[in-house]
Structure formats: structure tokens, C-alpha cells
Amino acid sequence: MKRSAAEIVREYGPFPGADHVDGVTYDGEHVWFASGDKLNAFDPASGHPVRSIDIAAHAGTAFDGEHLFQIAEDRIQKIDLKTGRLLATIPAPGGGCDSGLAWAEGTLWVGQYRDRKIHQVNPNTGEVLRTIDSNRFVTGVTWVDGDLWHATAEGDESDLRRIDPRTGEVLEKLEMPPGVSISGLESNGTDHFFCGGGKTGKVRLVRRPPRKTVRGARDGS
């Protein structure tokens, strides 16, 4: 397993009217984060707030290219990005103990905090398609370049982990500084992660280390 210190390159917030950060996602232009009774968006270039949606937002947040998905207690809400209108809900697999949320492979990936699990879920029905076990509390989930990453927080320690989506084996770990926890996770699609800062009200930008590819396995040669 590759292990290194997480490199925090920028901090956003705290933001007016949002005293904590839970789920985090990125729509390609703005970063969205959950803060209990609303979804908030800010410009990652300037750090300035740009929009909010009044809707229950208690944990993980995801974006499928058109809609926002938001965990609210024991359900996952599907929200129209343009209007903020609630379109549908499905049951959350953890029944109210859910944490991170991500979109990949046409499905939702849902972290279950204290049960240390990640579920792949049908976004239309809530059916659990498969489950991956972790050995740490799961606080955020994201996919980037075909890799599954999740955030952990337990005790005074928090880290980002690249794992094998078939077995749950930890392949790489980015360790956050002591006392700095992660409450939500999303990739920017390239070389950074947006990490929720929980009660600090901040979102931290963490650099994703480049990963060497195995010639012939990933580049088609």
C-alpha cells in the first residue's frame, strides 16, 4: 500500500449561513455542499458563494451530470439542478446512518458511516447492488479515473483511501494532519479532491497524487 501525507492546497469558507459542511459534490463549474437545511454552491476559483437551495441536506451529495442527489435522514433525494425542485426520493441503504454519496457507472455509491460499508445502489429504486467493507468509519465517497476513493474519520485521525472496488483492499492512503477530519468527499475530475470540513464550516482542496499506470494494462498498448 502506498502511504503519504495529504497536501492541502487551499481552504474555502466558512460561509455565511452555513456553520458546518457535510456532503460535497462538483458539477463541473461549482462546488456544492450540504449544511443541514440547504444545499450551497460556491465558485472554486474565487471561493465566493453563488447559490443555495432550501432543501433537507444532512449528509452525502452527488451529481450525475444533470441532477443533484442529496441524503436527507433515511432517504436520498433527486433534485433538478436548474430549478432546485425535488423530483424523486429513494430509501437510503443505511436507514439514516448514511454518509458519503457519489455517482459512477450509472449508479449511486453510498457510504454507511459506523457500519464501515460502501453500497452500490440503483438510483431509481434504492436496491443495493453490492457492498464493499471498510475497516474505518466511511465519511465520503468519490470516483475518479476509474478509481474508487473514500474518506475516513475515526478518533483524531482522518484519511483518504484509494481502494479496490471488488475487494475493498486499501491501495493508497493520504493521511490528513492530526485533528483535521473529512465530512464529505468529491473529486474535481482531475488532480484534486474537495473535502468537507464538518463543524469548521470549511471545504479543503487536497491534491491527488499522480498514479503510475501499468503499460499494457490501462493504456491499451
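We use all heavy atoms of the structure for the numbers below, so side chains are in, but hydrogens, waters and symmetry mates are not.
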Looking at side-chain heavy atoms only, is the closest gap between Ile53 and Leu68 below 4.5 Å?
-> yes
All salt bridge (Lys or Arg N to Asp or Glu O under 4.0 Å) counterparts of Glu7, not counting sequence neighbours = Arg207
Between atom OG of Ser134 and atom NE2 of His150, what is the distance when rounded to the nearest 0.5 Å?
-> 3.5 Å
Pro49 vs Asn40 side-chain heavy atoms within contact, under 4.5 Å = no
Applied to residues 47-89, the ring-ring contact (aromatic ring centres under 6.0 Å, His included) test, sequence neighbours excluded, yields Phe69-Trp103
Which atom of Ala6 lies closest to which atom of Met176, heavy atoms considered | CB-SD, 3.6 Å
Atom CZ in Arg116, atom CZ in Arg136: separation rounded to 0.5 Å?
-> 8.5 Å
Backbone N or O of Lys2 within a donor-acceptor pair of the Arg162 side chain at under 3.5 Å?
-> no
List the atom of Arg166, the atom of Asp164, and the distance in Å for their closest heavy-atom pair.
-> N-OD1, 2.8 Å
What pairs with Gln77 under side chain to side chain donor-acceptor pair (under 3.5 Å), at least two apart in sequence or on another chain?
-> none
Would you kindly confirm whether Val9 and Val31 end up in one hydrophobic cluster when ILVMFWY residues are joined by side chain heavy atoms under 4.5 Å apart?
-> yes
CA sep, side-chain torsions, deciding dist, call: Gln120, Ile132, side-chain contact (heavy atoms from CB on, under 4.5 Å) | CA-CA 8 Å; Gln120 184 183 18; Ile132 302 168; over 6 Å; no
Sorted by chain and number, sequence neighbours left out, side-chain contact (heavy atoms from CB on, under 4.5 Å) with Lys199 holds for none
Is there a side-chain contact between Leu174 and Asp159, using heavy atoms and a 4.5 Å cut-off?
-> no
Under 3.5 Å: donor-acceptor pair, side chain of Ser158, backbone of Ile182 | yes
Contacts of type salt bridge (Lys or Arg N to Asp or Glu O under 4.0 Å), residue Lys78, not counting sequence neighbours | none
Taking all non-hydrogen atoms of both residues into account, name the closest pair between Ala59 and Ser99 and its distance.
-> CB-O, 3.5 Å
Do any N or O atoms from the side chain of Trp149 and from the backbone of Leu160 form a donor-acceptor pair under 3.5 angstrom?
-> no
For Phe42, enumerate each residue passing the ring pair (Phe, Tyr, Trp, His ring centres under 6.0 Å) test, keeping only those at least two apart in sequence or located in another chain.
-> Tyr12, Phe15
Heavy-atom closest pair (Arg161 atom, Val170 atom, distance to 0.1 Å) is NH1-CG2, 3.8 Å
Which heavy-atom pair separates Ala18 from Phe33 by the least distance, and what is that distance?
-> CB-CE1, 3.8 Å
Short question: side chain of Asp43, backbone of Ala45 - any donor-acceptor pair under 3.5 Å?
-> yes
With a cutoff of under 4.5 Å between side-chain heavy atoms, which Ile, Leu, Val, Met, Phe, Trp and Tyr residues group with Phe137?
-> Tyr113
Would you please name every residue forming a side-chain contact (heavy atoms from CB on, under 4.5 Å) with Ala41, sequence neighbours left out?
-> His30, Trp32, Val50, Arg51
Under the side-chain contact (heavy atoms from CB on, under 4.5 Å) criterion, do Leu108 and Leu101 qualify, and how do the steps go?
-> CA-CA 7 Å; Leu108 291 167; Leu101 191 64; 4.2 Å; yes
Does the pair Ser35 and Asp19 meet the rule for a side-chain contact (heavy atoms from CB on, under 4.5 Å), with working shown?
-> CA-CA 7 Å; Ser35 62; Asp19 60 2; 5.9 Å; no
Distance, nearest 0.5 Å, that separates CD of Glu157 from CD of Glu175 = 7.5 Å
Hey, are the side chains of Leu185 and Thr139 touching, using non-hydrogen atoms and a 4.5 Å cut-off?
-> no
Intermediate values then yes/no, side-chain contact (heavy atoms from CB on, under 4.5 Å), Lys173 and Thr152 | CA-CA 10 Å; Lys173 185 188 298 185; Thr152 79; over 6 Å; no
Any donor-acceptor N/O pair, Asp54 side chain to Lys38 backbone, under 3.5 Å = no
With sequence neighbours excluded, residues passing salt bridge (Lys or Arg N to Asp or Glu O under 4.0 Å) with Asp115 | none
Measure the shortest side-chain to side-chain distance between Ile71 and Val110 over non-hydrogen atoms and say whether it is less than 4.5 angstrom.
-> yes
Without swapping roles, check the side chain of Ser183 against the backbone of Val21 for a donor-acceptor pair under 3.5 Å.
-> yes
Which pairs of donor and acceptor atoms, one on a side chain in residues 189-197, lie under 3.5 Å apart (sequence neighbours left out)?
from, atom 1, to, atom 2, distance (Å)
Thr190, OG1, Asn188, OD1, 3.1
Thr190, OG1, Asn188, ND2, 3.3

Non-neighbouring partners of Glu11 that pass salt bridge (Lys or Arg N to Asp or Glu O under 4.0 Å), sequence neighbours left out | Lys202, Arg204
Give a yes or no on whether the backbone of Gly60 and the side-chain of Gln70 come within a donor-acceptor separation of less than 3.5 Å.
-> yes
Close side-chain approach of Ile163 to Ile118, heavy-atom, < 4.5 Å | yes
Under 3.5 Å, which donor-acceptor pairs do the side chains of residues 82-96 form with other protein atoms, sequence neighbours left out?
from, atom 1, to, atom 2, distance (Å)
Thr83, OG1, Asp80, OD1, 3.3
Thr83, OG1, Arg85, N, 3.1

Looking only at heavy atoms, the pair that brings Pro209 and Glu172 closest together is CG-OE2, 3.7 Å
